[in-house]
Amino acid sequence: MGVHGLTGFVEERGVFFTELRVRDTKLVIDGSSLYHCLCFAPDADFRRGGDYGAFAAAVRDFFGALRACGVAPFVVLDGGRGAEDRKLPTLRSRAAEQLRAAHGLSRGAGGCLAPLLTREAFVQALGRLGVPFVQCFAEADREIAGLANRWGCPVLSLDSDFFVFDLAGGYCPLSHFQWRSVRVPAAAAPHGCFVPARCFSAERFCGHFGSLSKALLPLFAVMHGNDFVGLEALEAFFSKVRLSRGCAAGRGGRHLRLQGLLSWLAQFAEPAEAVDNVLKYLKKHQREEIREILCTSMEDYAPSDVNLEDFFQNGSYECEAARKADVPQWVLDAFAKGKLAPFVINAQILRSTFLRVQVENMQRPSAHGTALPIRQVIYGLLLRVSHSTEDASPSKQTNELPVVCEFDRCQKTLKKTFVQAASLPPDFCDDRFPLDKLMEVPVSCRQMLLLETLGVKMSSLEPFPSHLQLPVAVTCYWIRCSEPKVKLNQLKALLLMIVSGELQRITDDPDLEELALIYDSVAYNEFLKWKEKKVQNNDFDLDAAHSFCQWQCCLQMGLYLNQLLGTPLSEPDLSSPSPGAILNADFILLLGRLYTGTLVHRLYQELKSAPSVENLFLLSPKMAQLYLVLLNTMESVVSPDFFQKMTKTKSESCKKRKTSRKKKTVTRRAVPETQHSCNVNRFAALEVDD
């Protein structure tokens with residue numbers, strides 16, 4: 001959530017904080033705030049799709065600093081949008097803001113945009129580091145506050161709603177949590193190192209407005225406006241009431257209204273009395289409706305009925321809202337453990353999803369379009385309707401498939417599209433296996449559905465380590481289904497990046513044979529020498545960025561489908577750090593285990609001008625062999641002349657442009673037969689302006 005303008009007001013004054021030394025304590029962490037904070041590092045590259053290795057290194061360093069200070073972290077993540085979907089207007093507004101940011105970045109402007117797989121990389125990093133975490137069914141604020149109060153420990157977040165919650169252990173904003181500056185006291189000090197921080201004091205804040213009761217802060221948040229409630233319903237009140245220090249509207253007046261409202265509320269002893277006085281300024285026919293809105297909205301700051309302590313002690317997550325929404329127990333359990341994404345819960349409960357924008361070519365269709373057939377299979381699994389309803393009338397027994405509303409980019413505008421779920425194979429239409437019994441379907445059938453969706457056979461994946469099989473399958477799908485077609489140098493750059501991640505993995509492996517380690521170490525050193533060379537061409541190729549965005553979209557939905565099917569293929573590492581020793585700190589910042597945007601873009605640029613970079617890992621026989629097998633596998637899924645056709649088409653197009661400046665020629669590239677299945681369902685979507 002978030003109270004409009006409250007963070008700015010508190011930060012400008014600075015008198016509402018106390019100094020705090022954080023050590024030897026439990027700490028409840030707002031996971032969504034943390035991963036955004038770590039992602040938006042000052043030197044981060046937001047144009048090239050994300051450097052997940054650097055991000056995971058920051059996650060590792062953060063929790064390493066806490067461990068050094070004796071701090072026991074417990075991370076709580078937001079889940080889905082909730083069955084009531086009350087934040088939909090706010091989410092649409094944020095999606096539009098992200099779209100504007102992405103467009104600006106694509107044109108060379110500044111700005112920040114979280115890479116597509118940041119959340120997935122964060123969850124994987126938490127698991128790898130052994131950090132306890134939970135993913136809530138919906139908004140996590142109330143559950144965070146409840147857990148912190150149960151333990152009497154601080155909350156760490158960047159959400160201004162925590163200025164409003166009554167927290168026994170206080171609220172530490174991440175902006176004042178100096179984890180990179182862990183301090184060790186003088187030798188005479190009785191305690192160990194600590195993280196310097198500042199803690200918000202609700203007592204100081206309320207004292208600033210006279211006798212304001214902390215119990216009135218939730219009413220203030222609702223009236224002033226948060227992510228759930230806007231100001232429109234109360235404009236009549238603000239236009240009539242006399243607030244001290246003015247209540248000017250528009251720019252410059254937000255803090256005046258905020259201060260005036262808090263001062264006005266200070267005259268009341270409890271929320272009910274204040275609500276009665278608010279209603280006096282409204283028309284009689286509006287009063288009961290506004291009373292209900294205010295009282296219902298204040299409950300967002302009341303303790304949650306979910307006991308997260310039970311989850312962290314015995315793994316049990318009980319949620320009444322999820323039960324009312326008919327979420328199967330195995331889905332809820334997997335979701336709480338981060339084994340399913342919020343995308344899945346939103347699709348099942350709301351039949352509505354947001355597809356996050358990336359820095360892509362805004363003149364082309366959304367990069368998410370490439371992964372549409374994968375999403376349709378996910379929707380089919382989540383929303384399958386049983387065909388065994390004996391008492392259903394013939395008129396109700398239709399073959400219509402469920403529809404999901406997708407919010408996605410159409411050029412520079414947010415639009416919604418209604419997408420039909422896929423029709424599933426017979427094994428998954430069996431009424432013995434509804435969603436709540438999906439894990440009872442034989443694993444061989446679940447694996448087959450995954451592979452058929454991605455258009456590959458298991459025999460094609462067997463030469464690869466288990467953790468690479470899903471990325472290889474996704475890459476095969478990407479080559480066949482992307483439009484415009486993938487260029488050969490884009491494919492090679494991506495494969496070289498994957499090989500570099502493998503090189504890091506085996507170089508860090510203490511059980512590796514000594515002879516192999518020598519070869520890999522030599523290759524590793526050669527890679528470092530190449531990396532340290534000054535980049536000759538750091539141009540940003542928007543078309544290449546668009547293609548790599550399509551690959552990330554395919555990987556994301558491939559991950560989600562694999563998770564929903566109970567991981568019939570091993571889940572790949574999205575980022576590189578491990579809890580153990582790292583051979584070279586600089587190396588880890590460049591190499592992501594699976595995707596590093598700056599690296600893949602650099603490889604692509606150099607392949608165009610210096611094809612010898614393809615031999616980067618030639619000194620390691622194992623890595624050279626892996627690269628060749630990867631390349632041969634990818635080329636085997638398309639027609640033999642697939643990449644030659646592209647080169648020929650491009651050459652012919654250039655000749656035509658030279659011979660005629662008046663006439664523009666658009667050459668349609670041939671579509672191989674193997675791609676046809678990827679496009680069958682695209683035309684089932686109906687676009688609606690949003």
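The model shown is predicted, which means the values in this text are computed figures rather than measured ones.
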Contacts of type ring-ring contact (aromatic ring centres under 6.0 Å, His included), residue H467, not counting sequence neighbours
none

Check the angle between the aromatic planes of F220 and H224 and answer parallel, tilted or perpendicular using the 30° and 60° thresholds.
parallel

L156 and V28, any side-chain heavy atoms less than 4.5 Å apart
no

Of all residues at least two apart in sequence or in a different chain, which pass the ring-ring contact (aromatic ring centres under 6.0 Å, His included) check with F162?
F165, Y171

Distance-only donor-acceptor check, side chains S352 and R81, under 3.5 Å:
yes

Donor-acceptor pairs under 3.5 angstrom involving side-chain atoms of residues 562-569: please list them, not counting sequence neighbours.
residue, atom, partner, partner atom, Å
N562, OD1, L569, N, 3.1
N562, ND2, L569, O, 2.8
Q563, NE2, E571, OE1, 3.1

Are Y379 and L401 packed together at the side-chain level, in the sense that at least one heavy-atom pair is separated by less than 4.5 angstrom?
no

Judged by modelled atom types alone, do W551 and T475 share a side-chain donor-acceptor pair under 3.5 Å?
yes

When you compare the side chain of P154 with that of L167, does any pair of heavy atoms fall below 4.5 Å?
no

W478 side chain near L555 side chain, heavy-atom distance below 4.5 Å
no

Between P373 and Y477 the two heavy atoms that sit nearest each other are CD-OH, 3.2 Å

Distance check, rounded to the nearest 0.5 Å: L414 atom CG versus D408 atom CG?
8.0 Å

